[in-house]
Number of protein chains: 2
Amino acid sequence: MADPAHKDAPCMPCSVEATLNLIDGKWKIVILYKLLKGTLRFNEIRRLLPGVTQRMLTNQLRELEADGLITRTVYAQVPPRVEYNLSELGRSLEPILMAMKAWGDANLNRSLPAAEAA
Amino acid sequence: MADPAHKDAPCMPCSVEATLNLIDGKWKIVILYKLLKGTLRFNEIRRLLPGVTQRMLTNQLRELEADGLITRTVYAQVPPRVEYNLSELGRSLEPILMAMKAWGDANLNRSLPAAEAA
DNA sequence: CCGTATCCAAGCGGATACTG
DNA sequence: CAGTATCCGCTTGGATACGG
């Protein structure tokens, strides 16, 4: 990649890949999923994701915001208050999120992929 | 990660996350997408993914195989011949793949020639 | 043709401490 | 409450060489 004028070799089904890239990340998809249900504050999301660190949560939220999938609203108050919401674009991901959840429920259904019934 | 004796696992939309984990990886989703159209040999896949290395392609294929999403058929011949196919489980991902492609086409619409959905 | 093996760089992600 | 900043290990993924 020593050629700045040359983009990465574009493989063509990139729309499916590009979509994946937006929701890829250790916590992004769960954040989006949780936000489907409504507005959440920073610490609310944090509580919903046991194991996440402030750094990662901030990072993932910023990336989602940069990709236009969520909105971030800061209230200039003395106890700081920041609310996160899905943008219209983010909300349009709902069918995909639901399809993925349904698939997981149906196929790996809280179990390990023990064997595939041929 | 898997801690059966531990009661806290409040992150219950994990099915959506678990599903994502199966298709996560730099090339996996494109491989699955390409395999939707039918059987492919190793070098055929390689040619469809400009920029992929043997190591990565092998790695991604092995992971997909381990997850039961694709099947690998080796023909004891000279020259060697290895065919990859979607398993039934892998094929059941089609709605998700298509939904992701449709979303990408609609929302981040690059200059995509329609030469892919053949 | 279909891989393995080895080396190595980049960056993702965790732990911790500090701030407005 | 909602972040930033720093350090650092681990994994991902690329380049190359070799093997059956």
Side-chain angles (χ1 to χ4, degrees), chain A residues 1-4 6-11 14 17-18 20-32 34-35 39-67 70-85, chain B residues 1-3 8 11 14 17 20-32 34-35 39-67 70-85:
Chain A
M1 300 315 169
D3 191 356
H6 212 137
K7 286 289 189 175
D8 262 15
C11 66
C14 274
E17 199 181 7
L20 178 65
N21 285 337
L22 294 185
I23 60 179
D24 180 29
K26 191 166 187 184
W27 307 96
K28 279 187 190 176
I29 202 169
V30 189
I31 295 171
L32 291 170
K34 297 292 189 183
L35 283 175
T39 302
L40 287 174
R41 297 178 60 177
F42 186 85
N43 274 351
E44 288 176 331
I45 302 177
R46 200 180 160 193
R47 261 178 269 279
L48 290 172
L49 309 182
V52 77
T53 59
Q54 294 97 324
R55 197 182 80 89
M56 271 315 293
L57 183 52
T58 302
N59 187 30
Q60 302 278 287
L61 287 169
R62 290 295 139 87
E63 287 188 19
L64 289 170
E65 189 191 6
D67 287 332
I70 66 173
T71 60
R72 178 170 176 268
T73 309
V74 182
Y75 296 90
Q77 301 176 357
V78 167
R81 179 190 182 88
V82 180
E83 288 185 351
Y84 292 93
N85 285 280
Chain B
M1 286 283 259
D3 196 355
D8 77 324
C11 169
C14 276
E17 199 181 5
L20 178 65
N21 285 336
L22 294 185
I23 60 178
D24 180 29
K26 191 165 188 184
W27 306 97
K28 278 187 189 175
I29 202 171
V30 190
I31 294 171
L32 292 171
K34 296 294 189 183
L35 282 174
T39 302
L40 288 173
R41 297 178 59 178
F42 185 85
N43 274 352
E44 289 177 330
I45 303 177
R46 201 181 158 191
R47 262 176 261 282
L48 289 172
L49 308 183
V52 77
T53 59
Q54 294 97 324
R55 195 183 79 90
M56 272 313 293
L57 183 51
T58 302
N59 187 30
Q60 302 277 287
L61 288 169
R62 289 294 138 86
E63 286 187 19
L64 289 170
E65 188 191 6
D67 287 332
I70 65 173
T71 60
R72 178 170 177 266
T73 310
V74 182
Y75 296 90
Q77 302 175 356
V78 177
R81 177 190 183 89
V82 180
E83 288 186 350
Y84 292 93
N85 286 280

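Proteins come first, then strands; the chains are lettered A, B, ... in the order of their sequence lines, and each starts at number 1. The model shown is predicted, which means the values in this text are computed figures rather than measured ones.
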Donor-acceptor pairs are to be reported for all side-chain atoms of residues 73-84 of chain A against protein atoms at under 3.5 Å, with residues two or more places apart or in another chain.
{"from": "A:Y75", "atom 1": "OH", "to": "A:E83", "atom 2": "OE1", "distance (Å)": "3.2"}
{"from": "A:R81", "atom 1": "NE", "to": "A:E83", "atom 2": "OE2", "distance (Å)": "3.3"}
{"from": "A:R81", "atom 1": "NH2", "to": "A:E83", "atom 2": "OE2", "distance (Å)": "2.9"}
{"from": "A:Y84", "atom 1": "OH", "to": "A:R72", "atom 2": "NE", "distance (Å)": "3.2"}

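Using a 4.0 Å heavy-atom criterion, one finds that A:Y75 contacts no nucleic acid atom at all. As judged by a 4.0 angstrom heavy-atom cut-off over every strand, B:R72 is placed among residues touching the sugar-phosphate backbone only. Looking at heavy-atom distances under 4.0 Å, A:Q60 makes contact with sugar-phosphate atoms alone, never a base.
Residues A:V52 and A:V30 are not in side-chain contact: their nearest non-hydrogen atoms beyond the backbone lie 4.5 Å or more apart. Annotation: side chain of B:I45 is in contact with side chain of B:L57 (closest heavy-atom distance under 4.5 Å).
Put simply, the side chain of A:Q60 gets close to the backbone of A:W27: a donor and an acceptor are under 3.5 Å apart. A donor-acceptor pair under 3.5 Å links the side-chain atoms of B:E44 to the main chain of B:R41, judged by distance alone.
If you take CZ of A:R62 and P of C:dG13, they are 17 Å apart, rounded to a whole angstrom. Between A:N59 atom CG and C:dC12 atom P there is a gap of 8 Å when expressed in whole angstrom units. Atom-to-atom, CZ of A:R46 to C1' of D:dT4 comes out at 13 Å; the value is rounded to the nearest Å. Distance CG (A:L57) to P (D:dT4): 11 Å, rounded to an integer number of Å. In this structure, the CD1 atom of A:I70 is 14 Å from the C1' atom of D:dA2, given to the nearest Å. Computed from coordinates, the A:K28 NZ to C:dG13 C1' distance equals 13 Å when rounded to whole Å. With rounding to whole Å, B:N21 atom CG is found 11 Å from D:dT12 atom P. Taking atom CD1 of A:I45 as the reference point, atom P of D:dA2 lies 9 Å away to the nearest angstrom.
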Each nucleotide of nucleotides 14-20 of chain C classed B (base within 4.0 Å of a protein heavy atom), S (only sugar-phosphate) or -, in 5' to 3' order, makes BB----B

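Of the residues B:L22, B:N59, B:L64, B:I70, the one that meets the side chain to side chain contact (heavy atoms under 4.5 Å, CB included) test with B:K28 is B:L64.
Each of C:dC1, D:dC1, D:dG3 was ranked by its minimum atom distance to the side chain of A:N43; first place goes to D:dC1.
OP1 or OP2 of D:dG3 lies within a sub-4.0 Å distance of a side-chain N or O belonging to A:Y84.
Residues B:F42 and B:Q54 approach most closely at CZ-O, 4.2 Å, considering heavy atoms.
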